[in-house]
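Please read the structure below before turning to the comments.
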Amino acid sequence: MLTADEIHDHLNNLTKPKGSLGQLEMLAAKLSLCQQTLKPRTKPRSIVIFAADHGVVTEGISAWPAEVTALMITNILSGGAASSVLAKSTKTELRLVDVGSYGLPENESDNYRCVKIACGTANLSKKPSMTKEQFKQAALVGRAEAEIAVGKGARILAAGEMGIGNTTSASCITSLLCDAAPESVIGSGAGADEVILSRKRDIVYDAVQRLRNKSNNDFIEDISSICGFEIAAMAGFYCKAFELKRVMIIDGFISTAAALIAEKISPGCCGYMIASHCSAEPGHKILLKKLKLAPLLNWSMHLGEGTGALLAMPLIDAAANITSKMATFESAGIKR
């Protein structure tokens with residue numbers, strides 16, 4: 001078994017001053033440890049974007065109407081979205097899975113799958129957003145997608161999401177699991193103004209308080225009541241990736257909420273996670289701290305779709321390359 005000490009000895013023996021590549025060396029060490037090799041591989045790689053709608057949108061918590069989810073599904077598949085462009089430029093296979101949008105199914109293709117648990121979740125401000133069984137169904141879809149990607153040879157996995165209103169669900173999850181006040185986890189999402197933000201805070205506060213008062217100490221049941229189908233699917237995706245010992249590149253706020261759920265279900269899961277960035281959403285920093293993950297980038301992004309994870313792929317490549325391709329002092333004939 002390759003140990004952390006052996007990896008650090010190797011990195012320190014490369015033709016550079018010790019630690020001079022900073023966080024890139026830390027990233028290289030994590031890749032090597034997870035893959036158990038000094039020649040880590042970052043290709044082929046795959047990102048799966050899970051899409052779903054949220055019933056709570058009817059409460060006016062988003063600057064965008066629910067119809068945008070279906071429109072963005074089409075945009076992503078046609079290559080016009082930011083995630084599509086970044087996936088192509090970083091040579092990352094992109095696949096989209098509709099687990100619960102309001103839209104009609106797209107035409108079947110290798111990079112698209114439609115397995116709706118339902119057409120949108122219930123309104124979490126009025127009732128549980130989904131049943132425990134629906135959470136499990138969505139998680140199984142995510143698990144299957146991780147297995148499919150690994151079956152195709154993927155060495156690095158990432159997940160993204162598309163779902164108008166899903167920052168409200170992620171805010172509820174963050175407030176509950178991190179014991180954080182709603183005002184500390186809620187941001188503008190996709191362009192919310194102060195009126196929308198105030199409404200959103202009230203809804204998150206009420207939903208979390210109601211859950212705390214009525215909880216049966218059943219983790220899945222509790223999370224189901226405030227979760228989105230795409231978030232549950234991502235959690236299942238991460239759990240399966242961990243079982244398959246694949247490195248996961250975690251995207252933004254919603255994806256990291258799913259990552260924390262995965263860590264709660266499968267302790268140790270975060271050991272295979274790499275945080276791509278810290279988004280402009282205030283709750284994201286709280287989630288990353290809970291997971292003890294240091295983000296690679298801090299560029300004030302808050303788009304979702306897996307864009308932060310995709311943007312980090314060249315850094316992942318660079319980390320793997322210094323580990324496997326740089327000369328050692330001995331091989332270069334340099335005396336220390």
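Heavy-atom basis, side chains included; hydrogens, waters and symmetry copies ignored. We count residues from 1, following the sequence as given.
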Say whether, by atom type as modelled, one donor and one acceptor occur between the side chain of [X] and the main chain of [Y] under 3.5 angstrom.
X	Y	value
Ser169	Gly165	no
Thr256	Leu287	no
Glu305	Ser83	yes
Thr174	Ala170	yes
Gln209	Tyr205	no
Arg45	Thr90	yes
Asp251	Gly306	yes
Ser129	Asn123	no
Ser32	Leu38	no
Glu263	Gly268	yes

Just so I know, are the side chains of [X] and [Y] near enough to count as touching, which here means a heavy-atom distance under 4.5 Å?
X	Y	result
Phe229	Met130	yes
Met248	Cys269	yes
Thr121	Gln134	no
Phe135	Ile261	yes
Ser171	Thr168	no
Leu94	Lys88	no
Ile274	Ile250	no
Ile47	Glu93	no

Let me check something: do [X] and [Y] share a hydrophobic cluster, defined by ILVMFWY side-chain heavy atoms less than 4.5 Å apart, either directly or through other members?
X	Y	value
Val99	Ile265	yes
Leu315	Leu86	yes
Leu297	Val247	yes
Met313	Trp299	yes
Trp64	Ile73	yes

Are a donor atom and an acceptor atom from the side chains of [X] and [Y] found within less than 3.5 Å of each other?
X	Y	value
Thr131	Lys136	no
Ser46	Lys152	no
Thr328	Ser331	yes
Ser215	Asp222	yes
Glu230	His54	yes
Thr3	Asp5	no

Which distance, rounded to the nearest 0.5 Å, do you find between the [atom1] of [X] and the [atom2] of [Y]?
X	Y	atom1	atom2	answer
Ile249	Tyr272	CD1	OH	13.5 Å
Asp206	Lys126	CG	NZ	10.0 Å
Leu11	Leu14	CG	CG	5.5 Å

Which heavy atom in [X] sits nearest to a heavy atom in [Y], and how many Å separate them?
X	Y	answer
Ser84	Ile76	OG-O, 2.7 Å
Cys239	Arg143	CB-NH1, 3.9 Å
Ser255	Met234	OG-SD, 3.6 Å
Thr167	Phe253	O-CE2, 3.8 Å
Cys172	Val208	O-CG2, 3.7 Å
Ser300	Ala280	O-CB, 3.9 Å

Looking at [X], I'd like to know if its [atom1] atom is crowded, meaning that more than 12 non-hydrogen atoms belonging to other residues, nucleotides or ligands lie closer than 6.0 Å.
X	atom1	value
Leu104	CG	no
Asn107	CG	no
Lys132	NZ	yes

(request) Check step by step if side chain to side chain contact (heavy atoms under 4.5 Å, CB included) holds for Lys245 and Gln35. (result) CA-CA 8 Å; Lys245 305 303 180 195; Gln35 293 191 359; over 6 Å; no

(message) Using the rule given for salt bridge (charged side-chain N to carboxylate O under 4.0 Å, His left out), can you reason through Lys214 versus Glu221, listing the C-alpha separation, both sets of side-chain angles and the distance that settles it, and then say yes or no?
(response) CA-CA 11 Å; Lys214 294 183 178 180; Glu221 185 174 86; over 6 Å; no

(request) Carefully, step by step, assess Asp98 and Ser101 under the rule side chain to side chain contact (heavy atoms under 4.5 Å, CB included). (result) CA-CA 6 Å; Asp98 185 345; Ser101 80; 2.6 Å; yes

(message) Go through it in stages, so that I can follow the logic: the residues are Tyr112 and Ile49, the test is side chain to side chain contact (heavy atoms under 4.5 Å, CB included), and I'd like the CA-CA distance, side-chain angles, deciding distance and then a yes or no.
(response) CA-CA 10 Å; Tyr112 169 77; Ile49 298 176; over 6 Å; no

(message) Before you tell me yes or no, could you show the steps for His302 and His284 under ring pair (Phe, Tyr, Trp, His ring centres under 6.0 Å), namely the whole-Å CA-CA distance, both residues' side-chain angles and the distance that decides it to 0.1 Å?
(response) CA-CA 10 Å; His302 52 97; His284 194 197; over 10 Å; no

(message) Here's one to test your reading of the geometry: is the NZ or CZ of Lys240 within 45 degrees of the ring axis of Tyr238 and under 6.0 Å from its centre?
(response)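 Not satisfied by the 6.0 Å and 45° rule.
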
(message) Less than 4.0 angstrom from a charged side-chain N to a carboxylate O is my criterion; do Lys200 and Glu59 meet it?
(response)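 Not counted as a salt bridge, because no side-chain N and carboxylate O are separated by less than 4.0 Å.
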
(request) Quickly, which of Glu106, Glu145, Glu108 forms a salt bridge (charged side-chain N to carboxylate O under 4.0 Å, His left out) with Arg113? Name it, please. (result)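 By the salt bridge (charged side-chain N to carboxylate O under 4.0 Å, His left out) criterion, Arg113 pairs with just one of Glu106, Glu145, Glu108: Glu145.
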
(request) Take Ile254 and Ile231 through the test side chain to side chain contact (heavy atoms under 4.5 Å, CB included) and record every step on the way to the result. (result) CA-CA 7 Å; Ile254 295 98; Ile231 297 174; 3.6 Å; yes

